[in-house]
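Let me begin by presenting the structure, written as structure tokens, before commenting on it.
Just so you know, ligand 1 is whichever comes first in the structure, and atom 1 is the first atom listed for that ligand.
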Amino acid sequence: MKAHIIIDGTKIIGKKRPVFFGSFIEHVHQCLYPGIFDPCSDLADENGFRKDVLEEIKKLKPGTIRWPGGNFSSWYHWKDGIGPKNQRQTKISYADDIIREESNLFGTDDYIKLCNQTRTEPYITVNAGDGTAKEAAEWVEYCNYNGNTYYADLRKQNGNVQPFGVKYWEIGNETYGDWQIGTKNAIEYSKTVIEFSKAMKRIDPTIKVIAVGMGKHDPDWDRIILNNAWDYIDGISVHIYIGRHEYFDSFGQILTIADHLRKIEDDIIKIAEQKQSKKNISIALSEWGIWYRRGHKDDLDEVYNLKDALVFAGAMNLMLKFCRTLEFTHQSMLVNCLGLIRTKADGIVKQTIYYPFLLFANHTGDIVLAPDVWSEGFSCKDYRYFPWPTFDVGKDNYQIDESKVPQMHNIPYLDVSATFNSATDELCIIAVNRNTEEAIETSIDVRGYQCENKASLLVVDGPDVYAINDFGKDNIHMQQFEEKLETQNLKWCFPAHSITALKIKTKRV
Ligand code: AHR
Ligand code: AHR
């Protein structure tokens with residue numbers, strides 16, 4: 001099979017923010033305890049963090065790590081998690097209909113330590129379930145205030161003289177859902193957001209406040225929130241989970257993400273016009289991931305195969321196209337639950353999706369380009385207009401009438417993104433070959449940049465699309481290559497079912 005790519009330096013989509021590819025940790029199942037924090041482990045450092053996990057987070061370089069939830073945040077009271085550890089109380093966690101005991105041994109100071117050690121930005125979801133605006137404002141005071149007030153002093157007593165400077169604050173989690181503590185309708189929630197934002201920004205006017213959005217899940221929610229709370233928010237979020245067992249249909253589902261993001265973009269533009277406002281409200285994809293096997297009642301311990309990694313990479317390629325409005329993308333979650341990494345007492349395994357995350361977070365530039373790609377395509381089912389499948393994972397009555405699912409055609413086998421790194425003058429291309437049998441011989445034409453004569457490539461591949469990585473069994477791995485470039489043209493054969501990050505150094509002209 002053959003394909004052709006033209007990269008033109010003048011075809012710029014926009015600028016990607018440095019925090020664009022982030023992740024998410026939540027106090028559920030094995031994600032935080034013991035996946036990240038396990039003071040009793042032989043592998044823990046002096047702070048109780050798993051050293052092997054920390055090393056991987058540093059390599060993965062998430063821009064931000066959202067915390068403490070998820071559903072967990074709608075119940076979480078931050079004051080339970082500060083101060084001397086031997087005085088912290090174990091409480092019941094109401095997140096997700098499962099009774100779980102929360103030791104509170106990992107709290108705000110531990111989270112900031114984790115962010116500092118892994119060089120990521122904090123992003124906190126406050127409790128808009130059974131929490132109050134005052135409690136959220138006190139959290140901002142504890143984290144960011146530099147005076148001599150009760151909560152600022154408490155932070156100092158707890159060993160942190162300098163304020164943490166937490167910039168990003170999301171007001172609640174999926175507040176629309178009946179699975180949530182403190183479910184609200186859009187009108188109620190917009191009032192909540194206004195009150196929270198007012199109080200929190202009074203303490204620190206430089207913080208960015210993100211409201212809970214819904215995208216296509218509800219046609220009205222985002223409009224109501226944007227309309228009512230416009231002056232009080234800086235961003236609006238959405239959560240999207242995708243994934244299916246069937247190979248080709250899984251790729252069709254990536255377009256769900258585009259549908260949701262486009263819908264929110266449209267709403268933002270319309271409300272800005274109505275209000276004649278120049279304010280830039282951004283979008284936070286504050287949870288996204290591949291989730292179709294295990295429900296909340298299980299352990300969320302999805303073991304991903306190579307197909308899932310190819311879908312994951314395609315989703316990230318697509319997200320780049322939304323860089324003008326999309327500010328955060330939080331892959332859900334970092335460890336164990338739907339995770340990039342799985343842990344057991346004496347070791348870790350890098351899941352298949354670890355690799356695309358690594359490639360995108362490390363090998364994409366700040367300028368997002370629009371490459372032209374000619375590639376043959378495949379047909380698949382279009383599940384976009386059915387409800388979010390994971391809404392009903394594990395529910396007996398969840399059924400799709402397969403006969404009503406339309407088909408889509410000409411979905412390209414070769415899926416490509418291109419970015420330029422203005423700090424290193426490198427052109428970065430990420431290509432996913434979704435053909436299960438054939439390599440794709442591709443010619444890549446570069447215009448508008450003067451290329452050096454060498455390209456470096458990282459290729460992620462495995463024996464077949466259903467191969468997984470497990471403890472002691474690394475089927476999916478990454479190989480490095482160097483290739484010569486003839487003037488402005490590179491020929492490269494993308495192996496069947498693979499993800500490739502290709503970097504070309506360019507000369508300043
Ligand atoms: O565990 C993942 C859960 O899924 C999060 O708590 C919730 O926000 C999402 O719907
Ligand atoms: O129902 C939607 C999601 O599914 C919730 O966020 C999650 O907690 C549940 O399992």
Side-chain angles (χ1 to χ4, degrees), residues 22-33 35-36 64-76 92-100 102 106 111 123-131 168-184 189 210-218 221 235-243 256-257 260 283-304 308 312 315 328-342 351 353 387-395 398:
S23 190
F24 167 48
I25 56 175
E26 182 170 13
H27 297 231
V28 286
H29 298 293
Q30 312 273 303
C31 174
L32 183 70
Y33 314 105
I36 296 172
T64 56
I65 300 180
R66 178 176 181 252
W67 170 82
N71 300 336
F72 178 80
S73 52
S74 300
W75 152 91
Y76 180 62
I92 296 237
S93 159
Y94 293 89
D96 297 317
D97 300 335
I98 319 157
I99 292 291
R100 203 182 57 78
E102 172 55 50
F106 184 99
Y111 168 64
Y123 180 116
I124 292 182
T125 308
V126 301
N127 178 347
D130 70 348
Y168 308 115
W169 299 82
E170 193 170 344
I171 313 298
N173 177 73
E174 299 179 358
T175 38
Y176 45 79
D178 64 357
W179 55 87
Q180 214 61 231
I181 301 286
T183 311
K184 293 171 181 59
Y189 177 66
I210 295 114
V212 169
M214 281 194 92
K216 264 183 75 96
H217 298 307
D218 181 314
W221 177 281
I236 183 155
S237 70
V238 61
H239 292 177
I240 311 169
Y241 289 94
I242 58 171
T256 312
I257 301 173
H260 283 283
I283 305 173
L285 182 49
S286 69
E287 276 180 40
W288 81 274
I290 302 206
W291 182 7
Y292 58 101
R293 299 177 176 93
R294 320 248 335 150
H296 259 290
K297 298 250 160 48
D298 318 315
D299 45 13
L300 294 176
D301 188 18
E302 295 245 350
V303 177
Y304 294 113
D308 298 322
F312 192 96
F328 308 93
T329 64
H330 294 119
Q331 169 275 334
S332 164
M333 301 175 201
L334 193 47
V335 182
N336 287 331
C337 305
L338 320 173
L340 300 177
I341 302 162
R342 291 170 67 223
Q351 291 244 55
I353 60 168
W388 189 16
T390 50
F391 256 64
D392 295 291
V393 166
K395 286 186 191 156
Y398 177 60

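Ring orientation note: the planes of Tyr111 and Trp67 are close to parallel, at an angle under 30° on the 30°/60° scale. Classification of the Tyr176-Trp179 ring pair by plane angle, with boundaries at 30° and 60°, yields perpendicular. By the 30° and 60° cut-offs, the orientation of the rings of Phe312 relative to Trp288 is tilted.
For Thr329, there are no side-chain hydrogen bond (donor to acceptor under 3.5 Å, both in side chains) partners, not counting sequence neighbours. Tyr123 is linked by a side-chain hydrogen bond (donor to acceptor under 3.5 Å, both in side chains) to Glu170, counting only residues two or more places apart in sequence or in another chain.
Listed by atom number, the atoms of ligand 1 under 4.0 Å from Met333 heavy atoms are 1 (O), 2 (C). Every atom of ligand 1 is numbered from 1 in the order shown, and the set under 4.0 Å from a heavy atom of Glu26 is 1 (O), 2 (C), 5 (C), 6 (O). Each of the following atoms of ligand 1 lies closer than 4.0 Å to a heavy atom of Trp291: 4 (O). Shown in contact with Asn173 at under 4.0 Å from a heavy atom are these atoms of ligand 1, numbered in order with element: 7 (C), 8 (O). For ligand 1, the atoms closer than 4.0 angstrom to any heavy atom of Glu174 are 7 (C), 8 (O), 9 (C), 10 (O).
Residue contacts with ligand 1, taken as heavy atom pairs separated by less than 4.0 Å, involve Asn71 via backbone and side-chain atoms alike. If you look at Leu300 next to ligand 1, the close heavy atoms, those under 4.0 Å, all belong to the side chain.
Not a single heavy atom of Trp179 sits under 4.0 Å from any atom of ligand 1.
Side-chain N/O atoms of Glu102 and Tyr33 include a donor and acceptor closer than 3.5 Å.
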